[in-house]
Each structure stands twice: as C-alpha cells, then as structure tokens.
Amino acid sequence: MTDLTRLSATELAAALTSGDVTSVEVTQAHLDRIAEVDPALHAFLAVDSDGALSQARAADQRLAGAGSAQSLPELLGVPIAVKDIATTKGLTTTAGSRILEGWVPPYDATLVAKLRAAGLPILGKTNMDEFAMGSSTEHSAYGPTHNPWDLERVPGGSGGGSSAAVAGFEAPLAIGTDTGGSIRQPAAVTGTVGVKPTYGGVSRYGLIALASSLDQAGPVARTVLDAALLHDVIAGHDPMDSTSIDTEWPSMADAARHPGVDGLRVGVVTELGGEGYQPGARQRFEEVVELLVGAGADVVEVSCPHFRYAMSAYYLILPSEASSNLARYDAMRYGLRVAPDGVAEPSAEQVMAATREAGFGEEVKRRIILGTFALSSGYYDAYYGQAQKVRTLIARDFAAAFEQADVLISPTAPTTAFTIGEKYDDPLAMYLNDIATIPANLAGVPGMSVPSGLAPEDGLPVGVQLLAPALEDARLYTVGAAVERLLLDSWGGPLLDRAPALEVSA
Ligand code: GLN
C-alpha cells in the first residue's frame, strides 16, 4: 500500500471521495508518522489522537452518506495541524509560552470552527516561538523544533512547528500565522508553500494576538493547490473580527488550477534581494525570473525606496501593539499564577509581577519593554507616530509598484536554515530574517512563498516570494502554481523527495 503520508492533500481528498481510503486510515497513518518522527522533530506541542480519530470517523460517515460527492467540502477527512496560537476548544493552547501552560480554551477560533465544519481532523497543535516572536522557533518555552532537511538546523519561525510538520510528512496541511513573515520564512527554509492572505481575509477571532494590525493566519502546505484549498476553507467575513473584510472571495483553488504567467507584468523589487542575501538564494531567485521570462512574463524592475525603513518601523509598531496585547496575562485571567518569594500576603500587583517574571521568556520581555517605552508619554510621537508615518510611505511604495507590475517578486528569506543556536543571542541577526517579508504585513497585502530550489552552497531549500495588491490573493495562486509547475519540470520531481533527514527514524 502507498504511504498515505506522502500524498498531497489534493491526492488524499481524491482517494477519500473515491472510497479508496477512509479518513480514519489517513488520520491514523499521520498519527503513526508523528509517533515515529516527532521525538526527533518536535513539531508538535500537543497531539490529539482521540479527537482526530473521532473527527475522522465523523468525516467517514459524511463521505459514506453522500450520494454524490458534489455537496461535500473538498478537504473532508484530510487531517491538519494547527499552530498553537489558535484557540481550540478542549485542547491546550499555549502560544509557546509558560504563562499559558496547560490552558484549555473554552471556545474555538473562527478558523478552527471552519476546519471542523469542513471535516478536517485536527491532529494537534504545533510548536512556535513564544507569542510568535522569532524566526527560528527557538524562543518556544518548550524547546526548539528541528528542520526535517537537517536536524541541527531551525525550521524558521515563528511557525516552525507547522512548516516542519508539513515538510516532515507528519501532516499534509497546517495553519500558520504571519505578523512579519512567520508563514513565509518557515516555508522558504523547509521547502514548503506558505501564504499570508490579505489582512482581514482570514478571521483573527480566537487567535492569540501578537500585533493586531499585522497578524494574519494562512495556509502551510506542500503544493500551491493544497494551500489554495485550505485558504478557501478558512477565509471569509467574520462579524466577530472587526477588521475582517466583508467581501465575496473568489475560489483560490480555481485560481491554482489555472496557472499562467503569459503577459503577466512581474516586478523585481530592487530593495529586496541584494546585499546580505546568500549567493545561492539569489541564484535560485534569478533562475525563477528567467523561467518566468521564458514563459511569457514581462519582467520589470521596480523600486520601493521606503522598504529600507520597514524593519525599523516594524520593530516599533510590533512591540507597541504586543506590549498592550500581552497586558492581559495578569495572573488572574489565564494560566500561570506565581506567588512572589517571601511575601506573606502579596498584593495583586506583586503576584502579577512574579507571574510575568516567571511566565514570559527573554524575547517577550525585551519586546514588552521596547513597546512600553515607545508608547510612553513624550516618546510616542518620536517613535510610534514616526513608525506609523513610515508605514504609510511603504503602502504608497506598494501602490506605485503595482501600477507597473501585477505581482512583485523577491527571495523570501535572505538565507537558508541556520543552525540551532547560531542567532539565538543576537536579536538583530534574528530580526533580519524577515527583511523581505515585513513590508507586506505593514501594508496588509497578500504574500506567498513557493520553493525555488536548493542553494548550491549547502543543499538547503530556498523560496521565492510573490506579492499582490490587497484583495488579489487569487492572483498569487495563479502565478504561484505556474512557478511551481515550471520548477517541477526543471527539477524532475518534488523538492521534498530529496530531503535527506526526512527518514529520521532510520
Ligand atoms: N520574526 C518576526 C518577529 O519576530 C515575525 C513574527 C511573526 O510573523 N509572527 O516579529
């Protein structure tokens, strides 16, 4: 029998509707794979075998009961992993933090409710940098996740658990969140596909907030079509999220099924991809550009002069919003409560201080301090206000660039996966991993990372980033699927078939 964990979500969906396999078999195969390889990968913080299998049985009943497959959700019965930042009723949700250790949410995030309604069994919750702050998953309070391409290396972050689970064949699909790159950068360094939808495209209700004006959830998958199918499940207006966009989204799967770049205007962003990028990442990027030209695209160079200030603006806006969002962890409402040492009758403030001291990691504290400072009276205009102005200029750069090009393109990340520990003590080096992804979050536009090959110098995966105007997510799938097809032809098969460390049990 074929190894079910090697099939794409699209292939699994077809096998399920034709009755060749059951969701229980598919789900069990992935649970077995998790049991086998997760001790080495540590992609999961919680595995919900019983819950997943009972959802799989329900999916099988729906599959068996349907006279025609027409009315059934396309991914019915295909299992999925969910980043531990989305609340799951009855299943622990920690956001990678000690302060939420053991917290069991009383409700589902909207996107989780949508997954359940569409019949995707939830395998478990994936590891992440604490409160999604990081680019390596090393800032998880529960220990790092390892990259299936090389266990000594990071899988990117903050959503390294989701990308490693998908790259390591523990799950065909996963959910990530992207505030500055946490879906796209992990996708690039694990050889997977990751999409940050237009801000407001996927509901944030029930997602633990990092920076509310930047956060966006999206799909992680092994193919562009798989990502599109998942995007269609989770997108849509939600009255529970005031920033959710009330619009009819076109089918992303339909877009992915009609790849094309002929006559497309592709803008190479001058400011993304030059100095500081690993030569192999640039080389693979330039090859993609050549393939696009060969396929009939018009490639132009576009300049976005304010992108050079994106990182600085982001590291004022994000900490400011985070410091406010994280104020809710006050030792009263959720999770951890620590009594201060040697105080007989501690005040609420003393308990709060002791709890936050014990419950938050270093990176989280660093950003809370930074954000509190940036928002403080007398500094607000100089820092936060200034950063918001830069944000406007970046949005204008995008608007001007999209007059010249239908999509923008760049390397997703400056380097391949680095080794665990390499950048841990150097926050600035860590922050620079998102240099190419952050502008999209500041402007709210959608972005996708598609594998672009292996860097010649280390044989590790790199990705190409596609960006489209707000609301034009479907365009990313049309173009992403075309890029994927052109590259697959040149590689002669999927990149992930070449990942050496995937046989982690061997
Ligand atoms: N690495 C970036 C940060 O640390 C992005 C995080 C994210 O997208 N959640 O802020």
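For ligands, and for the atoms within them, numbers begin at 1 and follow the listed sequence.
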Using a 4.0 Å cut-off on heavy atoms, what residues surround ligand 1? Order them by chain and number.
Ala132, Met133, Gly134, Ser135, Ser158, Asp178, Thr179, Gly180, Gly181, Ser182, Leu210, Tyr314, Tyr315, Leu318, Arg367, Asp434
A side-chain contact here means heavy atoms from C-beta on lying under 4.5 Å apart; do Ile122 and Arg116 qualify?
yes
Give me the ring orientation class for Phe131 and Phe360: parallel if the planes are under 30° apart, tilted from 30 to 60°, perpendicular past 60°.
perpendicular
Looking at Ala331 and Thr355, what are the two nearest heavy atoms and their distance?
CB-OG1, 3.3 Å
Kindly give the heavy-atom pair with the smallest separation between Phe402 and Ala468, and that separation in Å.
CZ-C, 3.3 Å
Rounded at 0.5 Å granularity, tell me how far CD1 in Ile438 sits from OG1 in Thr179.
10.0 Å
Name the orientation class of the two ring planes belonging to Trp103 and Tyr334 (parallel below 30°, tilted from 30 to 60°, perpendicular beyond 60°).
perpendicular
